[in-house]
Amino acid sequence: MDKHFFGLTDTGKSRENNEDSFIVKSLTNDQLILAAVIDGVGGYHGGEVAAAIAAEQISMQFLDRPADPIYRMISAFRNANEVIVAKKQTETTLSEMACVATIVIADIENNQFYYAHVGDTRLYLLRDGSLIKISKDHSFVGFLEDSGRLDEAAAMQHPKRNEINKAIGFSDQIATDESYIETGQSPFLPGDLLLLCSDGLTDMVNRQDMTTLLLQGDTLAKKAGNLIALANENGGRDNITVVLLQNNKTPQQVKPTRPDHTQQAQSAAGADRNEAMRLPENSEPSTQTAPKRNYWFTALVILCLILLGTTVFLYLQRQQLATPVSTVNQSPKQKERNSQEKLLQDAFDHAPGDTLVLSDSVFKSPVLISDTLRLRKDTLYVIAKGIVLQADSGYKGAAITMLPQSKLMKLDSLQFKGFATAIAISDQALSLKNVTFTNCLLPIQNSIHFPDRKTVNAAINKIGTVKGNTIKTADSKNGAE
């Protein structure tokens, strides 16, 4: 499936069957995308039947490019309602079946999306790091939450959370009441991401954690998998379905129409230089300056080549020396990483900017570590809020290591338990704040490298601080600076 749209569904931990269904497909050369999430209700088999009917009717309405997307979506819902109501009347075992659904048509070519919605499936828009709820829940608790009378945490725990007042298959009201189906359209800008989901996700994962996971992961498949994994970690009380659509066009960079003060200063400086270089009238250019200018230019080129060669040599030497650090004390055979561990590595790899805040509602302490977490970013500041990393049984490797391309790691309020080596670094900067080591044989392993066959003047004190260097390590008594 194309990289800018993806769907995934999971039965969850409590249900034996999956009454959710979804659609996500391209209609015209990946520029027009149809997506839908459908959640069936009404008995063991009834929900599945209703969801299947709705999926079929939606697909039938979008066999070609619609001239009016919203009209087609309304028709799909009404046709599905008619078929479901008729089937309920002929099969008594399905008399309680119905479904809720959200449909989206994403017009990537024209940067627009259209939607239609009935029930408590949801549609969200992620833009510039903010997750905005587009659809409204058609339930009493949903009304209280959307109107601000109930906060998200209270709504997620409300005993009537899943009691809906609108659904496809409830009655014929959907055919005559224009307000029954919620519809709308909105800009879908380059870089925007749409999330359609069933209440199996939103009952288990709050908006903040959904935002965190949507900002992580290098593919839509990874993002969807992370969301479903967290919903299951939090209980998985219902079927969970996630569909993601992304406007994968490159965001436009808007150039300022007025130069800022820096540009003005640079322009003024350039004008001064031009004025200084202007020759007086009736004067002849000096023939003495050219040789001098050529001399300095040649010297500058030679110096740059020397610096470039030295830099390449030192880099290759450092890469060779640093290689053993990432594999220090590694067990020859590792267990497959658990979902929390994979999520944490993914957070390290795709943290927005240079700061990563770990949510204790996403990462349930302790996080069992069976393979080394590797820092690849140049700089990362991890705020852990007391989260515990604990060595899995039999694991003898490092909890965290900095790869050669990393320069600085800051850890705040993180706890390490039971590691042979908690942190492994090599000629890199490490800063610790409120970090705790419990039963760690070697809290920090710092491999410090010096030039081969060169005289070294250095002093390494008790806590491992090298004068003239920013590297700091722990001493043998688990103290840290």
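Here the side chain of Ser95 pairs a donor or acceptor atom with the backbone of Thr92 at under 3.5 angstrom. When atom types are taken as modelled, the side chain of Gln428 and the backbone of Leu403 share a donor-acceptor pair closer than 3.5 angstrom. Checked by atom type and distance alone, the side chain of Ser406 never pairs as donor or acceptor with a backbone atom of Met402 at under 3.5 Å. Distance alone, capped at 3.5 Å, is enough to place a donor-acceptor pair between the Lys407 side chain and the Gln405 backbone. At least one donor-acceptor pair under 3.5 Å links the side chain of Ser135 to the backbone N or O of Leu123. Checked by atom type and distance alone, the side chain of Lys223 pairs as donor or acceptor with a backbone atom of Leu214 at under 3.5 Å. Between the Lys417 side chain and the Leu389 main chain, no donor and acceptor come within less than 3.5 Å of each other. At distances below 3.5 Å, not a single donor-acceptor pair connects side-chain atoms of Arg376 with backbone N or O atoms of Asp349. Of the possible donor and acceptor atoms, one in the side chain of Gln415 sits under 3.5 Å from a partner among the backbone N and O of Gly386.
Judged purely by distance below 3.5 Å, without hydrogens or angles, the side chains of Tyr180 and Ser171 never pair a donor atom with an acceptor atom. Checking Asp177 against Ser179 by side-chain atom types alone, a donor-acceptor pair falls below 3.5 Å. Asn232 and Asp10 share a donor-acceptor pair across their side chains, judged by distance under 3.5 Å alone. Side-chain contact of Asp39 with Asn239: a donor-acceptor pair under 3.5 Å is absent, judged by distance alone. Of the N and O atoms on the side chains of Thr241 and Asp20, at least one donor lies less than 3.5 Å from an acceptor on the other residue.
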*Step by step, would you call Met73 with Thr183 a side-chain contact (heavy atoms from CB on, under 4.5 Å)?*
CA-CA 9 Å; Met73 289 187 280; Thr183 61; over 6 Å; no
*asked:* One pair to check against side-chain hydrogen bond (donor to acceptor under 3.5 Å, both in side chains): Ser339 and Glu233. What are the steps and the verdict?
replied: CA-CA 9 Å; Ser339 60; Glu233 287 280 345; 2.6 Å; yes
_Before you tell me yes or no, could you show the steps for Ser130 and Asp128 under side-chain hydrogen bond (donor to acceptor under 3.5 Å, both in side chains), namely the whole-Å CA-CA distance, both residues' side-chain angles and the distance that decides it to 0.1 Å?_
CA-CA 6 Å; Ser130 297; Asp128 297 330; over 6 Å; no
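For Arg237, the salt bridge (charged side-chain N to carboxylate O under 4.0 Å, His left out) criterion is met by no residue, not counting sequence neighbours. Scanning for salt bridge (charged side-chain N to carboxylate O under 4.0 Å, His left out) contacts around Asp192 gives Arg127, with sequence neighbours left out. Partners of Ala231 under the side chain to side chain contact (heavy atoms under 4.5 Å, CB included) rule, at least two apart in sequence or in another chain, are Leu201, Met204, Val205, Ile240. Listed by chain and number, the residues in a salt bridge (charged side-chain N to carboxylate O under 4.0 Å, His left out) with Glu91 are Lys87 (sequence neighbours excluded). Evaluation of the ring-ring contact (aromatic ring centres under 6.0 Å, His included) rule for Phe416 yields Phe437 as partners, not counting sequence neighbours. Residues forming a salt bridge (charged side-chain N to carboxylate O under 4.0 Å, His left out) with Asp203 (at least two apart in sequence, or on another chain): Arg161. Scored by the ring-ring contact (aromatic ring centres under 6.0 Å, His included) test, His158 finds no partners at all (sequence neighbours excluded). Applying the side chain to side chain contact (heavy atoms under 4.5 Å, CB included) rule to Lys249 yields the partners Ile108, Asn111, Pro190, Asn247; only residues at least two apart in sequence or on another chain are considered. Asn338 is linked by a side chain to side chain contact (heavy atoms under 4.5 Å, CB included) to Gln340, Glu341, Leu368, counting only residues two or more places apart in sequence or in another chain.
Screening residues 55-98 for ring-ring contact (aromatic ring centres under 6.0 Å, His included) gives no qualifying pairs among residues at least two apart or on separate chains. Pairs of residues two or more places apart, or lying in two chains, that qualify as ring-ring contact (aromatic ring centres under 6.0 Å, His included) and include a residue from residues 122-157 are His117-His138. Within the structure, side-chain hydrogen bond (donor to acceptor under 3.5 Å, both in side chains) pairs that include any residue of residues 377-391 comprise Tyr381-Asp412 (at least two apart or interchain).
Contact detail for Asn165 and Ser139: the closest heavy-atom pair is ND2-CA, 3.6 Å. Between Cys440 and Gly418, the shortest heavy-atom distance links the atoms SG-N, 4.0 Å. In terms of heavy atoms, Ile84 sits closest to Gly169 at CG2-CA, 3.9 Å. Val104 and Tyr115 make their closest contact through CG2-CB, 4.0 Å (heavy atoms, listed as atom of the first residue, atom of the second, distance). Nearest heavy-atom pair across Leu193 and Leu244 is CD1-CB, 4.3 Å.
Annotation: side chain of Arg122 is in contact with side chain of Cys197 (closest heavy-atom distance under 4.5 Å). For the pair Val118/Glu182, no side-chain contact is recorded, criterion being any heavy-atom separation below 4.5 Å from C-beta on. In this structure, Thr9 and Val242 have side chains that are not in contact, with every pair of non-hydrogen atoms separated by 4.5 Å or more. The side-chain heavy atoms of Asp107 and Arg65, taken from C-beta on, include a pair separated by under 4.5 Å.
Electrostatic pairing of Arg374 and Asp371 counts as a salt bridge here, judged by a charged N lying under 4.0 Å from a carboxylate O.
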